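Beneath this line is the structure, given in structure tokens, with notes to follow.
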Amino acid sequence: MSLLTVSGLTVRSGGTTLVDDISFTVAQGDRVGLIGESGSGKSLTALAVTGLLPPGLTATGEVRLDGVDMIGGTERQRTAVRGPVAAIVFQEPLTALNPLMRAGRQIAEPLRRVRGLRGPVLREAVHGALREVLLDDTDRIARSYPHQLSGGQRQRVAIAMALACRPRLLIADEPTTALDVTVQAEILDLLDRLATAHGTALVFITHDLPVAARVIRDTHVMRGGRIVESGPISSLIAGPAHPYTRTLVDSARRFDAALERTARD
Amino acid sequence: MTDSPRPDATRLASPAASADPGAARPASPAASADPGAARPASPAASTDPGAARPASPAAGASSGAPLVAAEGVGFSYRGGAPALTDVSLAVEAGRNVALVGESGAGKSTLLRLLLGLATPSTGTITFGGQPLTRGRLRDYRRSVQAVFQDPYSSLDPRHKIGRIVAEPLRGLGLGADPARVAEALDAVGLPADTASRYPHEFSGGQRQRIAIARAIVCHPKVLLADEPVSALDLTTRVRIVDLLSSLCADRDLTILLVSHDLGVVAELCQHTAVLERGRLVEQGGTSQVLGAPSHPYTRRLLSSVPRLPG
């Protein structure tokens with residue numbers, strides 16, 4: 001059975017259809033990309049999958065996350081899968097982190113709530129989670145408030161928080177867009193390594209094809225709320241079938257080619 | 001290899017860039033005439049207030065002075081460690097400059113100094129070879145305009161586009177002529193009726209076009225562009241980069257681009273300067289700096305750039 005099954009998912013706001021009848025599955029250990037521009041519906045898909053759609057938006061169709069009905073299920077059922085089954089990392093770690101809470105406490109929260117850890121065991125688990133995302137100075141980081149950390153450190157804390165309960169699916173929504181290029185490369189490597197180490201399935205959402213190509217295997221290209229093309233990313237890049245996919249590939253190639261030229265000259 | 005198999009290369013890379021970058025550096029009168037020749041002088045540029053604009057060949061040839069330059073500039077925020085140390089960077093006519101570095105490297109601080117929003121602690125900012133003084137600020141603003149990263153925060157949501165784009169004209173006392181606003185909107189590829197609408201009606205890419213229209217409405221010589229495409233989707237990014245490079249060609253405009261996107265830098269800029277922790281660690285022709293980086297930090301930046309496989 002697939003870890004995540006999305007079938008005929010449609011998200012509406014009043015009379016406007018924002019996500020239009022999309023279907024895909026994610027199995028244990030998969031690396032799936034949702035690629036599209038702002039407004040293509042990729043982030044709403046992620047929110048619908050985790051049952052976190054903002055008020056005013058309604059989802060129809062079927063979303064099953066580890067067997068739990070994320071559209072028709074009760075809030076209690078849906079809450080139970082968030083954390084142990086699926087977790088999200090957002091683009092801007094500042095919005096995901098509580099500005100009034102030290103980083104250590106934020107990571108401790110899911111560990112306490114879901115895994116029931118307390119006292120020194122909890123403390124050690126928090127430090128372990130920080131070491132796992134390659135934050136060495138764990139004492140200082142755990143004591144810091146989000147504003148005292150750099151953008152890269154914040155995103156690492158957010159990843160540590162998301163992975164704290166060992167979810168089987170990690171949804172990363174533009175996790176590196178707000179970061180510098182070198183930090184972006186480090187975070188992508190980190191996600192890649194951790195997903196492999198724990199066998200975590202990864203749903204990676206981005207508009208940036210070259211970034212996606214670093215971490216994912218299978219791709220769904222979204223446009224105007226629909227999936228317009230699906231397939232392994234390597235074949236999509238080598239032979240895009242849909243005109244929009246071709247535009248995406250051409251755009252990425254433009255800047256790659258400009259860099260190649262500097263290397264040749 | 002001939003130019004024919006890659007037509008966009010000939011369009012984007014100016015002759016100066018493909019030639020030896022070192023040779024183009026010393027701005028001799030001959031050199032400054034060259035980029036001018038490469039740029040088709042558009043009719044718009046010549047009919048424009050030519051009287052107020054010192055004819056560019058004369059300005060370039062008189063002293064060979066860069067349009068704008070930082071000379072040995074240092075800056076510390078109050079009570080802080082130096083944000084910039086001994087930075088020298090020149091923007092010469094027709095030669096787009098990229099300023100590359102990470103958050104906290106001092107890029108935005110240098111931009112603030114170049115905009116005259118702060119005064120350097122040491123060194124000077126020069127404009128046409130002369131130190132930038134308060135008395136010359138009005139002239140300076142007319143010649144040097146800016147575009148910022150976030151097209152959502154840089155446009156006043158309560159004003160119509162026409163008023164937003166006319167802002168520099170009013171500020172500089174040039175009169176908010178709707179014809180000039182229409183001309184600027186046209187130059188960035190927006191229809192004239194854009195002027196009567198509000199920012200929220202436009203997408204990110206369109207807003208960035210509006211911000212660019214505002215920056216070029218007074219026909220500046222230099223555009224300081226602070227991460228102008230990093231908030232945009234990849235395909236929109238391509239279109240805005242194309243727009244910027246065509247504006248350079250048509251309007252006698254030179255760009256100082258602050259960016260960490262090396263692909264965009266390679267497309268748009270002939271000169272690249274790398275800033276790390278407040279110091280320029282490397283600068284020179286873009287093909288030299290990015291093609292054969294000498295500083296470890298530049299190499300790290302380059303190896304971090306995500307590229308398509310195959």
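Only heavy atoms go into these numbers, but all of them, side chains included; no hydrogens, no water, no symmetry mates. Bear in mind that the values here come from a model prediction, so they are computed numbers and not experimental data.
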Could you tell me whether the side chain of [Y] reaches within less than 4.5 Å of the side chain of [X], counting heavy atoms only?
{"X": "B:Val238", "Y": "A:Phe255", "result": "yes"}
{"X": "B:Leu262", "Y": "A:Val181", "result": "no"}
{"X": "A:Thr262", "Y": "B:Val265", "result": "no"}
{"X": "B:Asp242", "Y": "A:Arg254", "result": "yes"}
{"X": "B:Leu234", "Y": "A:Pro210", "result": "yes"}
{"X": "A:Leu248", "Y": "B:Thr235", "result": "yes"}
{"X": "B:Glu267", "Y": "A:Arg261", "result": "yes"}

*Side chain, backbone, both or neither: which part of B:Leu302 has a non-hydrogen atom closer than 4.5 Å to chain A?*
side chain
*So what's closer than 4.5 Å to chain A heavy atoms on B:Ser230: side chain, backbone, both or neither?*
neither
Approximate separation, where rounding is to 0.5 Å, of [X] [atom1] and [Y] [atom2]:
{"X": "A:Glu186", "Y": "B:Ser304", "atom1": "CD", "atom2": "OG", "value": "7.0 Å"}
{"X": "B:Leu308", "Y": "A:Leu236", "atom1": "CG", "atom2": "CG", "value": "10.5 Å"}
{"X": "B:Arg300", "Y": "A:Thr182", "atom1": "CZ", "atom2": "OG1", "value": "4.5 Å"}

Closest non-hydrogen atom pair, [X] against [Y]:
{"X": "B:Val305", "Y": "A:Arg214", "value": "O-NH2, 3.8 Å"}
{"X": "B:His260", "Y": "A:Leu179", "value": "NE2-O, 4.1 Å"}
{"X": "B:Gly263", "Y": "A:Ala258", "value": "O-CB, 3.9 Å"}

Crowding at [atom1], [X] (>12 non-hydrogen neighbours, <6.0 Å):
{"X": "B:Arg307", "atom1": "CZ", "value": "yes"}
{"X": "A:Arg253", "atom1": "CZ", "value": "yes"}
{"X": "B:Arg277", "atom1": "CZ", "value": "no"}

_Please rank A:Ala252, A:Ser150, A:Gly39 by heavy-atom pairs under 4.5 Å with chain B and give me the top one._
A:Ala252
*Where does A:Gln184 contact chain B at under 4.5 Å (heavy atoms): side chain, backbone, both or neither?*
side chain
_side chain to side chain contact (heavy atoms under 4.5 Å, CB included) between A:His207 and B:Arg237, worked out_ = CA-CA 11 Å; A:His207 71 274; B:Arg237 207 176 279 180; 3.6 Å; yes
*From the options A:Val211, A:Asp256, A:Leu209, select the one residue that forms a side-chain contact (heavy atoms from CB on, under 4.5 Å) with B:Pro306.*
A:Val211
*For the side chain of A:Asp180 and the backbone of B:Ser103, is there at least one donor-acceptor N/O pair under 3.5 Å apart?*
yes
